[in-house]
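Convention: sequence-line order gives letters A, B, ...; per-chain numbering from 1. Basis for what follows: all heavy atoms, side chains included, without hydrogens, waters or symmetry-related copies.
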There are 2 protein chains.
Amino acid sequence: MEANRPDTSTRILDVAERLFVEHGFEATSLRMITQQAGVNLAAVNYHFGSKDALFESVFTRRLGPLLAGCIAELDAEEAGGRALSIEALVMTFIRPALALSKDPNKGGAMFVRLLSRTLVENHRLLRETLSQQYSEFVQRYSRAFERALPALGGEELAWRMHFAFSLMFNAFAGNDVLKIFVRSQVVSARDPDMIVKHLVPFVVAGLNTPSSS
Amino acid sequence: MEANRPDTSTRILDVAERLFVEHGFEATSLRMITQQAGVNLAAVNYHFGSKDALFESVFTRRLGPLLAGCIAELDAEEAGGRALSIEALVMTFIRPALALSKDPNKGGAMFVRLLSRTLVENHRLLRETLSQQYSEFVQRYSRAFERALPALGGEELAWRMHFAFSLMFNAFAGNDVLKIFVRSQVVSARDPDMIVKHLVPFVVAGLNTPSSS
DNA sequence: GTCTATAGCGAGATAGAC
DNA sequence: GTCTATCTCGCTATAGAC
């Protein structure tokens, strides 16, 4: 097979995904991307139209499948109509994110980190063009959490979902900087399995704690 | 008193603090800052030397006092030599951060959000020039967590500190975007007291959960 | 200290040959 | 589809008058 060298669009997407994570959208120039991808500068505008459109393409390539994977997990767990445990519910999000993070080309891990960073930055392109992509995801998880934690009021439940997703996204972001608050020699924040082993008990305990009101 | 209009340096710092949060460092131009501050474009380079140096000055104005406040809280709680509860330990960090977030000029809240965002972005200027500022903070909290959670091994403890600080920083960051995962009408992520009311039980439960190994 | 004017650079985007 | 060459713009930074 001669597929060892992906086509130009794919090479641009792969490199852009990585550089947007490393330097941020604004600090990443098309010249950096095309140089590292080994393609011509004009190729970005030919294939994607603009730098903004390239950013959106990086997202649309992976976000849809990731969210669909989570919803498929929810469907499977809820099949019998029984109530989910919190841990089972958390795992329906963790498993697809973890699978993506283990993508052999490392692109998936880059994307999960990019998604987390872009959420924290509240980036205009995510707000403006991608919001309808996750509306079903939001609705499904809101209802699932309501059923799994019926003792909590709506406000308290909303806060806990906010904390849980914040934590999960940031854990998969794999930032080294927050490691300065811990002993850096023992924690490898980039190992997805270790993240899950320690993250899930923490999140489940936080979600399950009795109501504070 | 004629102090109603702060001097040029302060006005630049206040506006820069807010714009760096809203748009990020790279996407914020000196023209935006000086225009909104009502000062001349050249004033930034006269008073601070460069855009990079301005960013550092925004941090040095508030980071030292914030960390010193946390350490002072630790000193007070540890005064009797007794072991701290997890909740007491968490509150030694929450209280100074909360006080800063309630700064009447809103600058403190902006700074806490900027700190969180800059940590997540792993920004070069935070890595390169500010790391010695928080070394005492890191050492003190590492020892305090060891004493408060003696049943945990070093690795597991490190992970939990990582999660706890991630969550606390991101909560004070007050991002609206993660709210898309919850019902936005009930959650006001910018109200510091509400953050604490719901955040502290969640973090404490996560930290206190039995060892997973 | 504050201002105008501008140098010098790198960015995104595009025209047009091949 | 790919390339070179170039346009236009906004940026940081600075020189020098006041």
Whole-Å distance, A:Leu19 CG to C:dA11 C1', equals 16 Å
Problem set entry | Any side-chain heavy-atom pair of A:His198 and B:Glu155 under 4.5 Å | yes
note: B:His23, atom NE2; D:dC11, atom P; distance rounded to Å ~ 12 Å
Closest to the side chain of B:Tyr46, out of D:dA13, D:dT4, C:dT2, is C:dT2
Closest of D:dA13, D:dT4, C:dT4 to the B:Leu41 side chain is D:dA13
Note to self: Using a 4.0 Å heavy-atom cut-off, does A:Thr28 contact any base of the nucleic acid, only the sugar-phosphate backbone, or nothing at all?
What the structure shows: sugar-phosphate
Quiz item: How would you label the contact of A:Ala42 with the nucleic acid (heavy atoms, under 4.0 Å): base, sugar-phosphate, or nothing?
Solution: base
Whole-Å distance, B:Arg11 CZ to C:dT2 C1', equals 12 Å
To the nearest angstrom, the CG-P distance between B:Asn45 and D:dT14 comes to 6 Å
When rounded to whole Å, the CG to P distance for the pair A:Asp7 and D:dG1 reads 8 Å
- [ ] Confirm from the modelled atom types if A:Arg31 and C:dG12 form a donor-acceptor pair under 3.5 Å, side chain to base only.
- [x] yes
When rounded to whole Å, the NE2 to C1' distance for the pair A:His47 and C:dA13 reads 16 Å
When rounded to whole Å, the CG to P distance for the pair B:Asn40 and D:dA15 reads 16 Å
Rounded to whole Å, CG of A:Leu30 lies from C1' of C:dA13 at a distance of 9 Å
